[in-house]
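The shown structure was predicted, so the numbers you read here are calculated from the model rather than taken from an experiment.
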There are 2 protein chains.
Amino acid sequence: MAKEDFTEYKLLSKIARLYYIDDLNQQKIAEKLNISRTKVSRSISRAKQLNIVSININSPADEFTELESTLEKVFDLKECLIVPWSENDTEIYRNMAVLVAGLFDRILADGDTLGVGWGATLKNISAYIEPLRKINIQTVPLLGGLGRSGIEVNTNAVASIIAEKYGGTSYAMHSPAVLDSRQARRIMEKDSSVAEIFKMAAGINTALIGLSDIGQQSTMIKTGNFSIEDFKYLESIGIAGDVNLIFINEEGQPVANDLDSRLLRLPADKLKNVKNIIGAAYGASKIKVLLGAMKGNLINILVTDEKTAGQLIKQA
Amino acid sequence: MAKEDFTEYKLLSKIARLYYIDDLNQQKIAEKLNISRTKVSRSISRAKQLNIVSININSPADEFTELESTLEKVFDLKECLIVPWSENDTEIYRNMAVLVAGLFDRILADGDTLGVGWGATLKNISAYIEPLRKINIQTVPLLGGLGRSGIEVNTNAVASIIAEKYGGTSYAMHSPAVLDSRQARRIMEKDSSVAEIFKMAAGINTALIGLSDIGQQSTMIKTGNFSIEDFKYLESIGIAGDVNLIFINEEGQPVANDLDSRLLRLPADKLKNVKNIIGAAYGASKIKVLLGAMKGNLINILVTDEKTAGQLIKQA
DNA sequence: GCATTATATGAAAAAAAATTCATTTTTTAT
DNA sequence: ATAAAAAATGAATTTTTTTTCATATAATGC
């Protein structure tokens, strides 16, 4: 190392130490070392640039913030929240609920309306979520009901549980999500009680939605809303899965299909207008639909587990 | 870790990462996370406090900045500069010269007057120093000459070498430092050429001075200015050594003694008024006098080697 | 349950830091 | 050596950050 470089590095180290370790402000450092505060400011920048100063983030709760940060950048997300992987699904749901509670605490305010989707993940998050404080929110379903007795995944239930816990008000959509015919859907859509919910849904700032794949294990098959043939058809036209019952391909584009006209849910263009669209999903089967949902901007906040997060990065 | 704590730590980690790693400003973080910038600011402070953020200083030239920082605090120094220990004295002197050059670059400005002391260390620093830039300084000796032909430690020489290298002007004190009698000293002191130098010396903002012990190997014995008996006497009255020919005890107090009245040098009270008093010395024999000089505020900037620095800390 | 104390909050003010810009200094090329 | 280009500098401006202060929220004791 040349003498001048040594002298420069020595000074930069000294300034960095005084600033970061001894907590002197730049004015005081300037006075102490007999240089201008401008030079101190520039020296600190330079010391950072030269990696004389290295800053690390570490905390018991920091396990995934780096991974989260990476996901946020790669998929251009507003935010990403990751829970540890576990054999135990309940463990995952509970941890997701904790993170979503932290998120809600920041992004929801009195008077806000939260839109909710459907699915096992949402049902469980709503079951385990514990508000950090009461918030007077309104909750509305973003699609009709998909549950049948015994296989309860009703959006109305999710909406009401969350609203109750937060001390807010929930609204229900009194219609199935999948109608028998285009005509039936049109009629329900115009029904004043349903129309009112969709009007509310159009004005939400936050949505918490589920994503599903079109595998044969899908809840949508179990609920009887769709048949295996329906799913085979969807697969044949390149569908990767659905986001709030919007069928999309891997690129995140909604693909026109025979089923669409019978579905009662907030459409893609309206959903994309929502400021915070929280998509919660995990597991290998959800990779494709998650990738699509992020690419197509159908979600901008991702809640998932570490395994899924890792796979998403790989396939980005 | 309790759930609320986890949530708090998670948020703090996230904020810290966005701020320190991703270089977002607090405003942007606040917007992203939907919190106030005040909270972001406070969160960053808290993250630092909780050691979620750890900052390290590292550079090839940083070997001793931590030790320097410790010395500065322990001995309330304006600054401390440490060179690596070496078997080779020349190596130490050369390195000291580099550091002193860096220091001069900061603390000396055109028109400033630098006072210089005496000793092997100063002589060598002046020999090896290479200015980082030209500075139009004036240099004045802070004591009379101690050298004899063959054993040159003359302050006039030190002053003139430094001034020449920096492109400044040097002034000489045409008198020995140790006179034969009190009377002789009084006469010299009043001599206009000497008086003028002391007048200049009283107005300096920076002094570079040497420290010596009163061991039998001392240069002062070799120069013939003092006898072994003189030193034994000084030792008997508790003298630890001298700073610019001011004899002090280990507490840094100048001790009245029979020799004082024959010495021609800037006295302690005048020296203490100087803004930057750079003391350069190393080696086991200098520990006591260094401790005294720092305690008594006869120096406020220390230049030494790592070994001596370590011993000083131990005996602090 | 209610009152009291402690803690947390955000808007505004103050302080600190980064950037801009005009100038000087240093380096490089001739 | 001198001129031209590049880099460094510090005062002033702008931006960012911290602190203050008044208010609101939550925790604790009675």
Side-chain angles (χ1 to χ4, degrees), chain A residues 2-5 7-12 15-50 53 55 101-102 104-112 130-137 165-168, chain B residues 2-5 7-9 11-12 15-50 53 55 101-102 104-111 130-137 165-168:
Chain A
K3 200 184 301 161
E4 312 77 51
D5 286 352
T7 305
E8 191 202 355
Y9 271 71
K10 177 111 192 175
L11 183 58
L12 292 181
I15 291 171
R17 186 171 293 279
L18 289 168
Y19 190 69
Y20 286 110
I21 310 297
D22 298 341
D23 283 320
L24 298 196
N25 67 34
Q26 299 187 357
Q27 176 73 61
K28 289 257 178 286
I29 296 170
E31 282 160 16
K32 181 178 165 73
L33 300 181
N34 243 276
I35 52 184
S36 71
R37 21 188 163 156
T38 308
K39 186 162 184 176
V40 175
S41 173
R42 281 194 268 248
S43 297
I44 291 166
S45 299
R46 193 157 160 68
K48 278 196 270 189
Q49 198 187 7
L50 293 169
V53 176
I55 303 181
F104 279 178
D105 188 56
R106 287 190 272 118
I107 65 178
L108 293 179
D110 285 347
D112 281 354
E130 287 173 36
L132 296 176
R133 63 187 165 96
K134 299 287 178 190
I135 311 172
N136 187 20
I137 50 170
K165 289 197 179 172
Y166 273 88
Chain B
K3 199 183 304 163
E4 311 77 52
D5 286 352
T7 305
E8 190 201 356
Y9 270 71
L11 183 58
L12 293 181
I15 290 171
R17 185 171 294 277
L18 290 168
Y19 190 69
Y20 286 110
I21 311 294
D22 298 341
D23 283 319
L24 297 196
N25 67 34
Q26 299 187 357
Q27 175 73 61
K28 289 259 179 281
I29 296 171
E31 284 161 16
K32 182 177 162 73
L33 300 181
N34 242 278
I35 52 183
S36 73
R37 53 201 130 133
T38 309
K39 186 162 184 177
V40 174
S41 173
R42 279 193 268 246
S43 296
I44 291 166
S45 300
R46 192 154 163 70
K48 278 196 271 191
Q49 199 188 5
L50 293 169
V53 176
I55 302 179
F104 279 179
D105 187 58
R106 285 189 274 118
I107 66 178
L108 292 178
D110 285 347
E130 287 173 38
L132 296 177
R133 63 188 165 94
K134 299 286 178 189
I135 311 171
N136 187 21
I137 51 170
K165 289 196 178 175
Y166 273 88

I want to confirm an ordering. Mapping B:Arg37 and A:Ile35 to their closest nucleotides on DNA chain D, which one lands closer to the 5' end? A:Ile35
Provide the closest heavy-atom pair for [X] versus [Y] in the form atom of the first, atom of the second, distance.
X	Y	answer
A:Gly167	A:Asn136	O-OD1, 3.6 Å
A:Arg46	A:Glu8	NE-OE2, 2.6 Å
B:Leu132	B:Gly102	CD1-CA, 3.9 Å
B:Ala101	B:Tyr166	CA-OH, 3.8 Å
B:Ile135	B:Phe104	CD1-O, 3.9 Å
A:Ile44	A:Ile15	CG1-CG2, 3.8 Å

Quickly work out the B:Arg46 CZ to D:dT18 C1' distance and round it to whole Å. 17 Å
Is there a donor-acceptor pair under 3.5 Å between the side chain of B:Lys48 and the backbone N or O of B:Ser43? no
Within 6.0 angstrom of A:Lys165 NZ, more than 12 heavy atoms from elsewhere: yes
First and last nucleotide of DNA chain C, 5' to 3', lying under 4.0 Å from heavy atoms of chain A: C:dA16 to C:dT20
Let me check the geometry of the helix from C:dG1-D:dC30 to C:dT30-D:dA1. What is the bend angle between the axes at its two ends, five pairs each, to 10°? 50°
Is any side-chain heavy atom of [Y] closer than 4.5 Å to one of [X]?
X	Y	result
B:Leu50	B:Tyr9	yes
B:Leu18	B:Val40	no
A:Thr7	A:Lys10	no
A:Leu33	A:Leu11	yes

Positions of residues 38-45 of chain B (non-hydrogen atom under 4.0 Å from DNA chain C), listed by number: B:Thr38, B:Lys39, B:Arg42
Less than 3.5 Å apart, any donor N or O on the side chain of B:Arg37 or B:Gln27 sitting next to an acceptor on the other? yes
Drop me the distance from B:Arg42's CZ to B:Gln49's CD, to the nearest 0.5 angstrom. 13.0 Å
Close N or O pairs between protein and nucleotides 22-27 of chain D (under 3.5 Å):
none

Would you please name every residue forming a side-chain hydrogen bond (donor to acceptor under 3.5 Å, both in side chains) with B:Asn34, sequence neighbours left out? none
Using a strict heavy-atom distance below 4.0 Å, which residues from residues 24-34 of chain A are in contact with DNA chain D? none
